[in-house]
Amino acid sequence: MAITIKSIGLAMIGGALLLAQDSSLSAGRVREHTRFLSSDLLEGRGVGQRGGDLATEYIATQFALAGAKPAGDGGTFFQKVPLVGLDPQPASQFSATANGKNVDFRWADDFVGANLTQQPDERFEGGVVFVGHGITAPEYHWDDYRGVDVTGKIVLMFTNEPPSDDAKFFDGRALTYYGRWTYKYEEGVRHGARAVMLIHTTPTAGYNWDVVRSSWGRETPYVKLEPGGKALSLAGWMTKDAAQHLVRLAGKNVDDLLAAAEKPGFHAVDLGIQMRGTVVQKVREISSRNVAAMVPGSDPKLNGEVVVYSAHWDHLGIGTPVNGDAIYNGAVDNATGCAILIELARAWAALPHKPKRSALFLSVTAEEGGLKGSEYYAAHPLIAKEKTAIDLNYDAVYPFGRAKDVVLTGAERTAYWPLAQQIAARLNLAIAPDAQPEQGHYFRSDHFSFAHVGIPAFSIGHATEFAGKPAGYGQQMWQEYNSKHYHQPSDEFQEDWDFTALQQAAQFGFLLGQEIANR
């Protein structure tokens, strides 16, 4: 089935959105791209694996067939992304000493982590300083590092941020970037720390220790460190029980430390503990790539500026078998987003009258490893950031029927929020709020890499309500997917999936992107 859109140019005349040329966005084509990209043949689209290379070749070929032009390095469809794969090994260990007592900690059971200097083996040693949540936020009059020098030391902290119901204080219930573990490591480097150890609790992290252990127990790609670049000898996590054994050496208690860390006026505490350890890891250079295609704009003065559409092509590749299946296909996450991207490129290229600005279609690598492909693009853009009007990102859109609403993660943070609301209303789509703002979804998808460098960006996401389904159906399906299939081999293509919602998500982004391209 295809939706015919009159006006895909969305010019704004006299305050009214006008419709112009015919184009079509097909749920059937999105379905078949999703089917192929999540097939066993592509082996889970692992970064640095054969299946990932096949996926990028397929996406580039589809962009070419759509009529889009190469926008990558040297006239190709590819932007090379130099990555380093870090695979921590069970031989990693550390111990702590204070007041004549010593405690040893076991890999995976007590702690996990990686050496971000990207060396195979790294020994570290230093005093331990507890820095609360590890946050320096002058706009909230909060500085966990106030009055303490942690140069060369190991800083111990909790994830998340001080809790509050006040929307003006760390955004209340919603998680800010200060609460993300990535920020904690970055801030530790800025303060000169040798290592950062995060204390895991399920309430502060939002997920259990098994998620941490599995995520950090496999190879993870990182952008190759620049010569002379600073990095942590250990970016680590430890369980609450292990942390309890650690801080008891200083006569402290984990719960008391957490309570102190959440009160205004918190001061960092030198625990008087010496920690030493070795991080053992396999290191390999990975030559990966983003896939980039362009449809040039029609205005000679403005076609050097772009609207970006993005989606990550990678998933987890071949991993630990579950019920005999070792291929982590990633059908929803994120073959769906890539399929939408290909269909958008086809429809945009088919327009007889192109918008004024150009459209860049960008399928990025290594999102599952922490937004690494989009991070690299943001630091090395193919089109300068000051010439990038917006990034509209697609990541894991649910094929469960006709959508009655859409989640726009981060749209309210941009100047395009009123326009997004207008187009949603025109398409009879409600805009659903983020049901879990405390999980920080805004910081966990590729649009954030663009926003982090000042480019307006948000994700056009899944529906929460579906036509002909009972109230709460979308949330029920999300919970089932999240608990049973997210990052599991069972995230596989299903013949009974209805891709209408993906067609609608593509239509929304198509209209919004063209309006922005013509402004």
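Keep in mind that this is a model prediction, so the values were computed, not measured.
- Between the side chain of Gln118 and the backbone N or O of Val223 there is at least one donor-acceptor pair closer than 3.5 Å.
- Within the 4.5 Å cutoff, the side chain of Val279 has no heavy atoms near those of the Asp121 side chain.
- For the atom pair Asn329 CG and Ser490 OG, the distance stands at 9.0 Å (nearest 0.5 Å).
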- What's the verdict on side chain to side chain donor-acceptor pair (under 3.5 Å) for His487 and Glu368, showing C-alpha distance, side-chain angles and the deciding distance? CA-CA 9 Å; His487 283 193; Glu368 301 292 4; 2.9 Å; yes
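- Ion pair Glu122/Arg194 flagged as a salt bridge, since at least one NZ, NE, NH1 or NH2 atom sits closer than 4.0 Å to an Asp/Glu carboxylate oxygen.
- Partner of Val196 under the side-chain contact (heavy atoms from CB on, under 4.5 Å) criterion, chosen from Val189, Leu232, Val131, Ile154: Leu232.
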Name the atoms and distances for all side-chain donor-acceptor pairs under 3.5 Å in residues 77-97, with sequence neighbours left out.
| residue | atom | partner | partner atom | Å |
| --- | --- | --- | --- | --- |
| Gln79 | OE1 | Asn290 | ND2 | 2.9 |
| Gln79 | NE2 | His380 | O | 2.8 |
| Gln89 | NE2 | Asp87 | O | 2.9 |
| Ser92 | OG | Gln89 | O | 3.1 |
| Ser92 | OG | Val280 | N | 2.9 |
| Ser92 | OG | Val280 | O | 3.1 |
| Thr97 | OG1 | Asn102 | OD1 | 2.8 |

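- Interatomic distance, CG of Leu371 versus CZ of Phe443, reported as 11.5 Å (0.5 Å rounding).
- In this structure a side-chain-to-backbone donor-acceptor pair under 3.5 Å is missing from Asp143 to Thr136.
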- Item | Audit row: Asp270, Val148, side-chain contact (heavy atoms from CB on, under 4.5 Å) steps and yes/no | CA-CA 9 Å; Asp270 189 328; Val148 63; 5.9 Å; no
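- Residue-environment remark: CG (Asp166) exceeds the threshold of 12 foreign heavy atoms within 6.0 Å.
- Centroid-to-centroid, the aromatic rings of Phe105 and His245 stay 6.0 Å apart or farther.
- Interatomic distance, CG of Leu392 versus CZ of Phe450, reported as 10.0 Å (0.5 Å rounding).
- Of the possible polar contacts, one joining the Asn334 side chain to the Ala396 backbone as a donor-acceptor pair under 3.5 Å is found.
- The residue from Trp142, Tyr145, Phe130 that alone fulfils the ring pair (Phe, Tyr, Trp, His ring centres under 6.0 Å) condition with Phe266 is Phe130.
- Residues Phe36 and Phe493 keep their aromatic ring centres 6.0 Å or farther apart.
- Of the inter-residue distances, the one linking Asp491 atom CG with Ser38 atom OG reads 8.0 Å to the nearest 0.5 angstrom.
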- Task: Run the numbers on Asp149 and Thr151 for side chain to side chain donor-acceptor pair (under 3.5 Å), then give the verdict.
- Result: CA-CA 6 Å; Asp149 182 2; Thr151 303; 2.7 Å; yes
- Task: Assess whether side-chain contact (heavy atoms from CB on, under 4.5 Å) is satisfied between Met197 and Met238, documenting all intermediate values.
- Result: CA-CA 7 Å; Met197 184 67 78; Met238 65 191 314; 3.5 Å; yes
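- A side chain to side chain donor-acceptor pair (under 3.5 Å) with Ser459 is found for one member of Asp446, Thr409, Asn393 and no other, namely Asn393.
- Without hydrogens or angle criteria, Asp241 side chain to Asp110 main chain gives no donor-acceptor distance under 3.5 Å.
- Between Val47 and Trp313, some side-chain heavy-atom pair lies under the 4.5 Å cut-off.
- Taking the six-membered ring where the residue is Trp, the centroids of Trp216 and Trp181 are separated by under 6.0 Å.
- Not a single donor-acceptor pair under 3.5 Å links the side chain of Thr388 to the backbone N or O of Ile390.
- Side-chain N/O atoms of Asn115 and Thr117 include a donor and acceptor closer than 3.5 Å.
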- Task: I would like to know whether Tyr328 and Arg45 meet side-chain contact (heavy atoms from CB on, under 4.5 Å); could you show each step before the answer?
- Result: CA-CA 8 Å; Tyr328 289 68; Arg45 306 188 307 279; over 6 Å; no
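- Of the inter-residue distances, the one linking Phe158 atom CZ with Ile135 atom CD1 reads 12.5 Å to the nearest 0.5 angstrom.
- Taking the side chain as every heavy atom from C-beta outward, Met294 and Ile383 approach each other to under 4.5 Å.
- Side-chain contact annotation: Tyr177 with Glu186, donor-acceptor N/O pair under 3.5 Å present.
- Between Tyr442 and His447, the gap from one ring centroid to the other is short of 6.0 Å.
- With hydrogens and angles ignored, the 3.5 Å screen pairs a side-chain donor or acceptor of Ser214 with a backbone N or O of Val211.
- Residues Glu219 and Arg284 are paired through a salt bridge, judged by an N-O separation under 4.0 Å between the basic side chain and the carboxylate.
- The aromatic rings of Tyr140 and Phe170 lie tilted to each other, with the angle between the two planes from 30° to 60°.
- Nearest approach of Ile286 to Gly48, heavy atoms of both residues: CG2-CA, 3.7 Å.
- At most 12 non-hydrogen atoms from other residues, nucleotides or ligands lie less than 6.0 angstrom from CD of Glu226.
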- Query: Yes or no on side chain to side chain donor-acceptor pair (under 3.5 Å) for Asp391 and Ser310, after CA distance, side-chain angles and deciding distance?
  - Reply: CA-CA 7 Å; Asp391 168 58; Ser310 62; 2.8 Å; yes
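- In this structure, CD on Glu43 lies 10.0 Å from CG on Asp53, to the nearest 0.5 angstrom.
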- Query: Given the rule in the side-chain contact (heavy atoms from CB on, under 4.5 Å) test, do His485 and Asp333 qualify, once you have shown the distances and angles that lead to the verdict?
  - Reply: CA-CA 10 Å; His485 308 300; Asp333 183 16; over 6 Å; no
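- Pro163 places a side-chain heavy atom less than 4.5 Å from the side chain of Glu262.
- Cation-pi geometry between Arg413 and Phe458 is not met: the NZ or CZ atom fails to fall both under 6.0 Å from the ring centre and inside 45° of the normal.
- Closest non-hydrogen pair, Gly134 versus Asp144, comes out as N-OD2, 3.1 Å.
- Between Leu382 and Asp73, the closest side-chain pair of non-hydrogen atoms falls below 4.5 Å.
- Checked for salt-bridge contact, Glu57 and Arg289 meet the test: a charged N lies under 4.0 Å from a carboxylate O.
- Here the side chain of His133 pairs no donor or acceptor atom with the backbone of Met157 at under 3.5 angstrom.
- Ring planes of Tyr394 and Tyr309: parallel class, angle under 30° (limits at 30 and 60°).
- For CZ of Arg276, the number of neighbouring non-hydrogen atoms (other residues, nucleotides, ligands) closer than 6.0 Å is greater than 12.
- Phe63 places a side-chain heavy atom less than 4.5 Å from the side chain of Phe361.
- Classification of Arg444 and Asp395 as a salt-bridged pair fails, no side-chain N sitting under 4.0 Å from a carboxylate O.
- Tyr222 carries Lys372 over the face of its six-membered ring, with the cationic atom under 6.0 Å from the centre and within 45° of the normal.
- Summarising the local packing, CD of Gln479 is surrounded by more than 12 heavy atoms from other residues, nucleotides or ligands at distances under 6.0 Å.
- Side-chain contact between Thr365 and Tyr376: absent, with no pair of heavy atoms (C-beta onward) separated by less than 4.5 Å.
- Considering only heavy atoms from C-beta on, Lys240 stays 4.5 Å or farther from His200 through its side chain.
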